[in-house]
Amino acid sequence: MKTIEEINEKIKNGTAVVVTAEEMIGIVEEMGTKKAAQKVDVVTTGTFSPMCSSGAFINFGHSSPPIRMTRVWLNDVMAYAGIAAVDAYIGATELSESQGMAYGGAHVMEDFISGKDIRLYAESYGTDCYPRKSITTTINRDNVNQAFMFNPRNCYQNYYAGTNSTNKTIYTYMGTLLPNFGNVTYCTSGQLSPLLNDPEYRTIGIGTRVFLGGAQGYVAYQGTQHDPGQERMPNGTPVGGAGTLALIGDMKKMSARFVRAAIYEKYGVTLFVGVGIPIPVLDEDMAAKTSVSDKDIFTYIVDKSGATSFSQLVSYHELRSGNVVINGKKVPTAPLSSMKVAREIADILKQQILKGEFLISEPAELLPKTGERLNKLDVRGD
Amino acid sequence: MIDINTIKVSLTFPPSKVTFPLMTKLVRVFELEVNILHADVRLNKTGKLIVELTGETHNIDDALKYIEEMGITCHIFNGTLTWDEEKCVHCGACTSVCPSRALTIGEPDYTLSFDKEKCLVCGLCVKACPLNVMCLAQRE
């Protein structure tokens, strides 16, 4: 048994043993969970995936005379301004009013992080204390007050893989799905993914310090659609979407290498977000949990056309092989989440901890481990 | 001097022509070397073949005329696929639509790999790429 305090002492002394979640698989295989728990202090994870539920709060600063902005556009993308005078929230999936799907909130965020100038246009009805009725200007990373990313739902703990049973190509947030079960797409870093390495949320909770978009950020709360009651395998990993995280971090300190705008054809705009979470190996159970491999993580392949209730259980080991068999036919599989960048993130985080630049935090509160399953939205009108 | 050329073409067969032995004709009559890269042929359905044809230039020209006369639609690929490797995040979305598996991703390092020889220049990856880093350029 180790405490987070003891692990942090080792990090400060430069004696902590830190490995990535993929390295942990081999370590546990070789020496077993008991010895691995004694040897390894921290396991680092990583993911770089499209995460639609992302966005940022920006405070622009006051002009003279001042304006109480009621409607705000950044590079022609509408930001939510129904908060205080010069605060706005730019959401990743909002589309440009002039360019449509070719540009969106995610692009505004990536451009902002890259240090580019962004055109701000805002309107108001004018008040005695805020007489200005419109403003046109440019903002950037250096001239706004705060700019913090606040993503209501990131790091989905597992996700269904997608396929298409119909005879027409469909365009989805799971990519282009070819007719007649022509392909299967999946989206997770699996054995390297944060919440799959702490499947029962023993160490990741509110206040956990994380790598977010190249900067240090925090878990703010359980994410929207957090669903811990999902069906699980004996190793604790869920077989579909389950836990989620709301993340917060200083967007001024982020790097565009780990925050990238993306467009899914005929679907829309989203944001690739890079997240890495360190997991303290407190005991033998955590050593076992962090050694989970793609062979032991499962999901269902589902029909994203909605035409059938097709569902087939499959391991990530099978999905990563390049083919799965559906109805007796070999079907090609493809990832949507970058394993290459996920590994880079897990490795950067490992180096930062080894250098004493990144300490492990004790959560202020753990995430809900049980709960009602998700509500459905009833239709009560036309 | 014999002028030898290689072209890549897509052939679309109307349902009535799907049983027509076009490949045999191309080999026997026009002395072409035929390499089938991709085939989607079912009885009584529109069929699609993507083939590489190698032979003397005048024979290729004659073969293309013959194909058109037979009521088979022929499209010559004269582009080449390029992508901005710096901007690519190696997510793998393009590999999900690549019919010839010219684009692949996997172990050991999950870096996108491109086999130019296998590429059909169909352009499906250009639209499927979420980072918009793929481009079909005209061949010189």
Less than 4.5 Å to any heavy atom of chain B: does that hold for the side chain of A:F272, its backbone, both, or neither? side chain
Given a strict heavy-atom distance threshold of 4.5 Å, which part of A:F48 is in contact with chain B: side chain, backbone, both, or neither? side chain
Side chain proximity check, A:P335 to B:T95, heavy atoms < 4.5 angstrom: yes
More than 12 heavy atoms from other groups under 6.0 Å of CD on A:Q99: yes
Residue part contacting chain A, namely of B:C94, when any heavy atom lies under 4.5 Å: neither
Could you point out which residue of B:T111, B:L112, B:I105 forms a side-chain contact (heavy atoms from CB on, under 4.5 Å) with A:K340? B:T111
Here the gap from A:E344 atom CD to B:D109 atom CG, rounded to the nearest 0.5 Å, amounts to 12.0 Å
Between A:T333 and chain B, which part of the residue has a heavy atom less than 4.5 Å away: side chain, backbone, both or neither? backbone
In terms of heavy-atom pairs under 4.5 Å with chain B, the winner among A:A342, A:S337, A:G175 is A:S337
Which value, rounded to the nearest 0.5 Å, describes the distance between A:I263 atom CD1 and B:C129 atom SG? 9.0 Å
What closest approach, in Å, do A:L336 and B:C91 show between heavy atoms, and which atom pair accounts for it? O-CB, 3.3 Å
Run the salt bridge (Lys or Arg N to Asp or Glu O under 4.0 Å) test on A:R343 and B:E107 for me, step by step, so that the C-alpha distance in whole Å, both residues' side-chain angles and the decisive distance to 0.1 Å come before the verdict. CA-CA 12 Å; A:R343 282 178 177 166; B:E107 292 292 3; 3.0 Å; yes
Taking it one step at a time, do A:R260 and B:K87 satisfy side-chain contact (heavy atoms from CB on, under 4.5 Å)? CA-CA 10 Å; A:R260 294 289 298 278; B:K87 287 189 178 166; 3.8 Å; yes
Taking it one step at a time, do B:Y110 and A:R320 satisfy side-chain contact (heavy atoms from CB on, under 4.5 Å)? CA-CA 10 Å; B:Y110 278 89; A:R320 291 209 180 278; 3.0 Å; yes
Verdict with reasoning, B:K127 to A:T176, per side-chain contact (heavy atoms from CB on, under 4.5 Å): CA-CA 9 Å; B:K127 288 182 174 175; A:T176 304; over 6 Å; no
Please answer whether the main-chain N or O of B:V89 pairs with a side-chain N or O of A:S338 as donor and acceptor at a distance below 3.5 Å. yes
For atom NE2 of A:H317, decide whether the heavy atoms of other residues, nucleotides or ligands shown that lie under 6.0 angstrom number more than 12. no
